[in-house]
Amino acid sequence: MNFINLSYYKVVQFLEIKGGLKPQRIELDGSIVSFGRLPENVVAVDDSSLSRKHCVIEFEDGVWQIRDLESRNGTRVNGGKIATRKLKNFDVINIGKLEIRFVSPEDSVLKAGPKSFEPEPQTEDQSADLSRKNVGRMTKSAPGIFSDEMLPSIPLVREESASRDRPKNKGALPGLNITEGNLNNVGAIAPVGNTIDIDLNSIVGAGSLGNDPESRLRKICDEAPEKPFNAADISLVDMRGQIVHQAADMGGEEDEDASESIRVFRLVLLTALRSRASDVHVEPRMDRATIRLRVDGMMVLAAEIPLDLLRRLLGMVKILCQIDTSQKSQVQDGHFSITTKGRRVDFRVSLTPAVHGQKLVLRVLDTSNSPTRLHELGVLPWMYEKLRTMANRDSGMVLACGPTGSGKTTTLYSCLREIDVETRNAITIEDPVEYYLEGCTQIPIDHKQGNTFANILRSVLRQDPDVIFVGEIRDIETAQVAMQAAMTGHLVYSTVHSRDSMGAIFRLLDLGVESYLVANAINLIVAQRLCRALCINCRKAVRLTSQQLLKMGRAAEGMPSIFSPVGCGKCLGTGYRGRRALLELLEFSDGVRDVVLKRPTISDLRNVLQQGHYITLQQFGFQLVAQGVTSFEEVERVAGGD
């Protein structure tokens, strides 16, 4: 076990600034830090409540102090107005909208008296090696001496090597050097020649500031390319349509817990919207709770929050959904919405009891993040024409297939929007109704009342419909009624779970549907997957391998390279931003109907389809790879088995 003597190191003070466009950190090197509206200030803020030269933080008589420059709205420290004041560790300074925290870890350091031992002389190589050393948790073994296996990961810089290898900061204090790397909020350590001891509580307390959930959520929001509104613009609306919290109403000052819970909840919703998340998962753990977002189909960790804040958030969600707040061991469902600047977003809520408490999942029903018309799906031109033609027929069935979350409903909704609802009667049967369609009659399924897809569908057929959308074919009864409707002069849209378009045929036959119904009712089967699109901000070109060339075939002809993901702040480090649909269209021609009427096999169907214009999901994906839209690995992930 190696030991490091801390007698030669001192902690550097710094400022944490929140309330601007991005959180900032300024390490104090002895220079004056000025605040105000003028661009020449060190911290220039476009805030009408600030004076042009508002205040300064400066080093005087061996201490840091703040001095107000006779500003019109004054400068506050810990809530009180000041003219000049010496700063102490964790003092909070308020200047207009800015909140500035002065952090001086050396205030928590206790001088330990005589040195425990004189360190052996260090060579330049040994000193450099010491500066690179990362160490673990901290425990005390002697005054001023700590085991390198138990210390936090703080970069240590010897004064001799620092003076040789890097320039001094302008205006720096004698013997004080600022390192590039440092522990979150503890600050860099530089030698001064005094034996010190470190207060573990102050280190942990200061370091935890970097893990502030609000800071992490704001960072994700700040990286988003589009910022149409902020958290303060969000109004929370309960399930009955009553506004519970108005925009810019961050809670009363007298109730800090309520204020924090409302602020964090709004920030979570803003993060979900700016990152285009489809779901928000708030999961209790043993000693904390995690907030994860499903972005482009993948889970991304957003922040961690304490359990007491989780309990307050759950209480707020239950109030919005008007759910019994005392029940914690039952599955609970509900919904609420938000409004902001003329825009409304609905959220579906699911609460499920888990080992460490209730898990909350919010489904984000934001139509602005999904395509609404066929031309927005990004399909090939001949596919667009085929879908548009089928969407405007008078009868038959258009069937979408694929796994959960593959965009089947979105595609069928896009087809429904191609219909002239003023001249045709369109009715949807869904479980539940997720998106509002202007001009359509939308009916939700209620299993508690005995209203199933089949029962509602029979009732709807007496409502003189022209177009019927059945949310999902789950059983033979629904399948038979839907196909009979398609054969009797109605245009029917529906979905079924299957791997591909050919698999949908065998799925219906396996349910027990007669082959003549399948052959004569269906016009088109659409198989679909969603693959992530590469982030154009960070993608990089890579050479094609021989295996990739072999799999891509004609799609890779004449292409020396393709693109692969890297990761940046705009894509949350995933390398992907947004999703594209992979489509496979199986049109029921006479040849396909003949095969289905017999005892069909996959090889028979494939032979017939290859005679027409038919490409598989994987072939569609490889065309997107060739265009630089997505990566080879992403297509293999979502459609590799097809």
Side-chain angles (χ1 to χ4, degrees), residues 14 16-25 90 92 97-101 103 152 183-186 201 203-224 227 229-234 236 245 249-251 253 255-277 279-295 298-318 320 338 347 349 351 354 356-362 364 569-570 572-574:
F14 59 91
E16 281 190 340
I17 305 175
K18 298 180 182 179
L21 294 177
K22 288 186 178 181
Q24 288 182 268
R25 170 181 169 144
F90 295 134
V92 177
K97 297 178 182 178
L98 295 183
E99 179 181 297
I100 306 157
R101 185 184 296 269
V103 181
L183 178 67
N184 292 334
N185 291 312
V186 177
N201 292 326
I203 290 288
V204 173
S208 64
L209 295 173
N211 298 323
D212 176 23
E214 293 188 51
S215 299
R216 293 199 58 176
L217 293 172
R218 290 187 191 281
K219 183 177 180 181
I220 296 175
C221 293
D222 291 340
E223 294 287 354
K227 305 178 181 66
F229 56 87
N230 297 313
D233 300 321
I234 295 175
L236 304 178
H245 292 285
D249 176 18
M250 290 301 188
E253 295 180 358
D255 191 349
E256 294 183 0
D257 289 345
S259 176
E260 180 189 19
S261 57
I262 295 170
R263 187 173 63 248
V264 171
F265 186 58
R266 278 192 171 116
L267 198 52
V268 169
L269 299 181
L270 179 68
T271 304
L273 295 175
R274 286 198 181 173
S275 63
R276 311 167 338 281
D279 300 88
V280 180
H281 293 243
V282 185
E283 303 163 316
R285 300 285 188 252
M286 183 177 295
D287 56 349
R288 68 193 187 287
T290 62
I291 299 175
R292 296 196 295 166
L293 309 175
R294 185 175 292 280
V295 181
M298 291 294 186
M299 300 296 288
V300 178
L301 179 63
E304 294 181 346
I305 60 174
L307 293 176
D308 62 332
L309 179 55
L310 169 65
R311 286 188 287 269
R312 297 198 299 273
L313 291 180
L314 293 180
M316 180 181 303
V317 171
K318 290 182 179 182
L320 288 170
I338 65 170
F347 293 85
V349 175
L351 286 161
H356 300 295
Q358 285 186 297
K359 175 180 176 178
L360 168 67
V361 177
L362 304 177
V364 185
K570 291 185 178 180
L572 302 179
T574 62

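Only a predicted model underlies this, so the values are computations on that prediction, with no experimental measurement involved.
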Does the side chain of [X] reach to within under 4.5 Å of the side chain of [Y], using non-hydrogen atoms?
X	Y	result
Glu223	Ile220	no
Met298	Leu572	no
Ile305	Leu313	yes
Pro284	Lys359	yes

By salt bridge (Lys or Arg N to Asp or Glu O under 4.0 Å), which residues pair with [X], not counting sequence neighbours?
X	result
Arg285	Glu283
Arg294	none
Arg218	Glu214

How far does [atom1] of [X] sit from [atom2] of [Y], to the nearest 0.5 angstrom?
X	Y	atom1	atom2	answer
Lys318	Leu351	NZ	CG	6.0 Å
Asp233	Leu270	CG	CG	9.0 Å
Met286	Leu307	CE	CG	10.5 Å
Phe265	Leu362	CZ	CG	6.0 Å
Leu236	Leu269	CG	CG	6.5 Å
Ile100	Glu16	CD1	CD	11.5 Å

(message) Looking at Lys227, I want to see if its NZ is surrounded by more than 12 non-hydrogen atoms of other residues, nucleotides or ligands under 6.0 Å.
(response)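 Enclosed.
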(request) Measure from the side-chain N and O atoms of Arg274 to the backbone N and O of Cys221, and report whether any donor-acceptor pair falls under 3.5 Å. (result)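 Present.
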(message) Which residues pass the side chain to side chain contact (heavy atoms under 4.5 Å, CB included) test with Ala277, not counting sequence neighbours?
(response)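 Ala277: side chain to side chain contact (heavy atoms under 4.5 Å, CB included) contacts with Ala272, Ser275, Leu293, Val295.
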(request) Before giving the answer on side-chain contact (heavy atoms from CB on, under 4.5 Å), spell out for Val317 and Phe347 the whole-Å C-alpha distance, their side-chain angles and the decisive distance to 0.1 Å. (result) CA-CA 10 Å; Val317 171; Phe347 293 85; over 6 Å; no
(request) Report the C-alpha distance between Met316 and Val264 in whole Å, list the side-chain angles of each, state the deciding distance to 0.1 Å, and finish with yes or no for side-chain contact (heavy atoms from CB on, under 4.5 Å). (result) CA-CA 11 Å; Met316 180 181 303; Val264 171; over 6 Å; no
(message) Using the side chain to side chain contact (heavy atoms under 4.5 Å, CB included) definition, which of the options Val280, Leu217, Ile291 pairs with Thr271?
(response)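 For Thr271, the side chain to side chain contact (heavy atoms under 4.5 Å, CB included) test succeeds with only one of Val280, Leu217, Ile291, which is Leu217.
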(message) Test side-chain contact (heavy atoms from CB on, under 4.5 Å) on Val349 and Leu320; report intermediate values, then the result.
(response) CA-CA 10 Å; Val349 175; Leu320 288 170; over 6 Å; no
